[in-house]
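Heavy atoms only: backbone and side chains are in, while hydrogens, waters and symmetry mates are out. Computed from a prediction, not measured in an experiment: that's the story for all the values here. To find a chain, count down the sequence lines: A is the first, B the second, and so on, and within it residues start at 1.
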Protein chains: 2
Amino acid sequence: MSPADQPPPRAEVRRPTLNAVAALAGVGRGTVSRVINGSPKVSAPTRAAVEQAIAELGYIPNPAARSLASRRTDTVAVVVPEGEARLFSEPYFSEIIRGVSAELAIAGMQLLLVLVPDEKEYARLATYLSAHRVDGVLMLSVHGGDTLPDRLHELAVPTVLAGRRGPGEPLGHVRADNSGGARSAVEHLLAKGRRTIGTITGPLDMDAARARLDGYREALEHVGMTVDEDLIAYGDFREEGGRAAMRQLLRRRPGLDAVFAASDVMASGAVLELRTSGRRVPDDVAVVGFDDSIVARHIDPPLTSVRQPLEEMGRTMASLLLHEIAHRGGDHREVVLPTRLVVRESA
Amino acid sequence: MSPADQPPPRAEVRRPTLNAVAALAGVGRGTVSRVINGSPKVSAPTRAAVEQAIAELGYIPNPAARSLASRRTDTVAVVVPEGEARLFSEPYFSEIIRGVSAELAIAGMQLLLVLVPDEKEYARLATYLSAHRVDGVLMLSVHGGDTLPDRLHELAVPTVLAGRRGPGEPLGHVRADNSGGARSAVEHLLAKGRRTIGTITGPLDMDAARARLDGYREALEHVGMTVDEDLIAYGDFREEGGRAAMRQLLRRRPGLDAVFAASDVMASGAVLELRTSGRRVPDDVAVVGFDDSIVARHIDPPLTSVRQPLEEMGRTMASLLLHEIAHRGGDHREVVLPTRLVVRESA
DNA sequence: AGGTTCCGTGGGACCGCTCCCACGCGGCAT
DNA sequence: ATGCCGCGTGGGAGCGGTCCCACGGAACCT
């Protein structure tokens, strides 16, 4: 049997340990540990010697050992319900994650991505996440009925949500100013002289959808108009839902001259339906969406839309979480970030 | 000072350990470990007793301790160069990651997401990843010049790439049949009676871009046409690049009647330019894209495009990687997955 | 009957780090 | 001089698993 037939040698490249560094630097393990963790209680010359030894050996601390001893993991889980992932404007997740990643990197923390294919997984997940696996959890896209956040809360796992489940959300969270954004969209339509403005909502078990509807109402009431309930159609954040809602609106109020859709995807469905019905956008009916997603730029005509500062939301979520991790038991904070209306050709 | 003013008690919920389970089940630690790891060398009654104890205590193994002792981490890193992330059709990353996640979940492995903001980070990253942090690495979107894969290879870190850097890629990888997909696109145009077919390429330092150009050539040569180099314009996978390339093609060959763009984003730029030049799509010029991304469905007219099986690519990458982890030193494998032409209205 | 073999099991020795206690020593007050 | 304080420092004791060796007893052999 030739050597080549042997099972592969355990490639196990044995990396230098804390001990090796200590020996080379001529100090104790404790001292090396202090240097690595930036403790101030190390004299300058000792620190220099240790750093020299670290560089020489190319030493990198073993995260598992560190985690075992310190009961920290330096890792944060980002939980994304997979069912939603398709619905949302695609940039939603990727941009938030970009922001999260950037902020975590600064703090030297790792990002564990957990896609949850199924609500049934939620129960197992909570226990799992609490088992010294991560220092905290970031949840994207929470529904009103989600129980995972509460379980994490009970298990004392620091948690920050993207968006809230409803007013009075007990957990820390970051959200866009949904009602303000919706309001600015409708005000824009009013400023353009539109008077019969419909809206297509998202699923109302999501706070963001409710808030956008509130913003629509506020804008109209603010100028003394009464809200015509027939101008409100309920969608589901999907294109087909937007289309159906638009059809409904046209049947109920054929003379409407503008629509505010609570998402770009629904807006694009609405545009298709308007075209089918022989109406021109924006000449006959102006359309404003929400999210400023890719489709907004690419449909015809390009969509005026409300942009959320997604990357900043991610960054803020991460920093709130890091704060909760550092100050366990502190009160939860909520941050609302402003939106911006991006005007294009549809309104 | 009331208790409420005290610093919060270290919430440290002390979870049960292996020892606790062993004590409750009346067995040794070794036996519990065997049960957890599914070793066959445990008698049925003992196993039952241990499982009972585990359930009773709600025991979950501490991953850090396990990792420290076993030198495994049960974690895989997915490395995504952030610069590219915007360029690509958005579903690209999210769908591949979905596939990766699904496959890893089955194997009980975690997904560590690493966004690399900058090529300069690469050097540090390699050392970092090799420091007992992950069992393997998945790299998305590799360029011809990327050195990270080689470094990982040297450091004996199992690695699988999405796409290859070029022919003869030494590392394991999964890619779509780019040339075949391009070929089917051009054959579709030929079948529609188009005869003067231009192409807009991606950056040729990427193998996928080269392969798509090759497919274009093959399709034409296959029917005995000679390739007119003036019908080839070089883009960069961006919309603006596609637009500029289209402008160039129109200047050089005003009579062309079809274009195959190596990405949907470039195709959308091309469509805009065609419209600007007063041409109708597909009546005057037919357009086919690549990726079947969101924009393909939403631009006007909806784009005929080549779809890659992204989720399956992700799944396959994960399973190749798991194989490499289990059989270190084995030879690297490459898998090519078929593409599918999705016909819409643009061609 | 005695000797092997094999199976299931217990437990010691780590894995590589952090935490914390104890110790030596120079500087300062007494 | 004597005592005390406090800063730097060394190193023991875990953290919670895995791995592997050794051991007892049942089953099989000669």
Measure distances between side-chain N and O atoms of A:R34 and base N and O atoms of D:dG10, and say whether any donor-acceptor pair falls under 3.5 Å. yes
base_contact_polar (C:dT18 base, A:R29 side chain, donor-acceptor, <3.5 Å):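 Answer is yes: a donor-acceptor pair is held.
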Reading DNA chain C from 5' onward, which residue's closest nucleotide shows up sooner: A:A64 or B:K41? B:K41
Toward the 5' end of DNA chain C, by each residue's nearest nucleotide, B:V27 or B:L68: B:V27
Donor-acceptor under 3.5 Å ([X] side chain, [Y] main chain):
X      : Y      : result
A:T316 : A:E312 : yes
A:R15  : A:G58  : yes
B:S33  : B:R29  : no
B:T75  : B:V134 : no

Phosphate-side-chain proximity, [X] and [N], N/O vs OP1/OP2 below 4.0 Å:
X     : N      : answer
B:S43 : C:dG8  : no
A:T31 : D:dG10 : yes
B:S33 : D:dT18 : yes

Let me know the distance between [atom1] of [X] and [atom2] of [N], rounded to the nearest Å.
X      : N      : atom1 : atom2 : result
A:R72  : C:dT18 : CZ    : P     : 8 Å
B:R71  : C:dG16 : CZ    : C1'   : 9 Å
A:L18  : C:dT18 : CG    : C1'   : 9 Å
A:N62  : C:dT18 : CG    : C1'   : 13 Å
A:I36  : C:dC19 : CD1   : C1'   : 14 Å
A:H132 : D:dG16 : NE2   : P     : 7 Å
B:R47  : C:dG8  : CZ    : C1'   : 11 Å
A:N19  : C:dC15 : CG    : C1'   : 12 Å

Regarding A:P61, tell me which of base, sugar-phosphate or nothing describes its non-hydrogen contacts under 4.0 Å with the strands shown.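 Sugar-phosphate only.
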Counting side-chain heavy atoms from CB outward, which of D:dT9, D:dG16, C:dC17 is closest to A:V42?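 Looking only at heavy atoms from C-beta outward on A:V42, the closest nucleotide is D:dT9.
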Of the options B:H323, B:E169, B:E324, which is the one that meets B:H332 in a side chain to side chain donor-acceptor pair (under 3.5 Å)?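 With B:H332 as partner, B:H323, B:E169, B:E324 yield a single side chain to side chain donor-acceptor pair (under 3.5 Å), made by B:E324.
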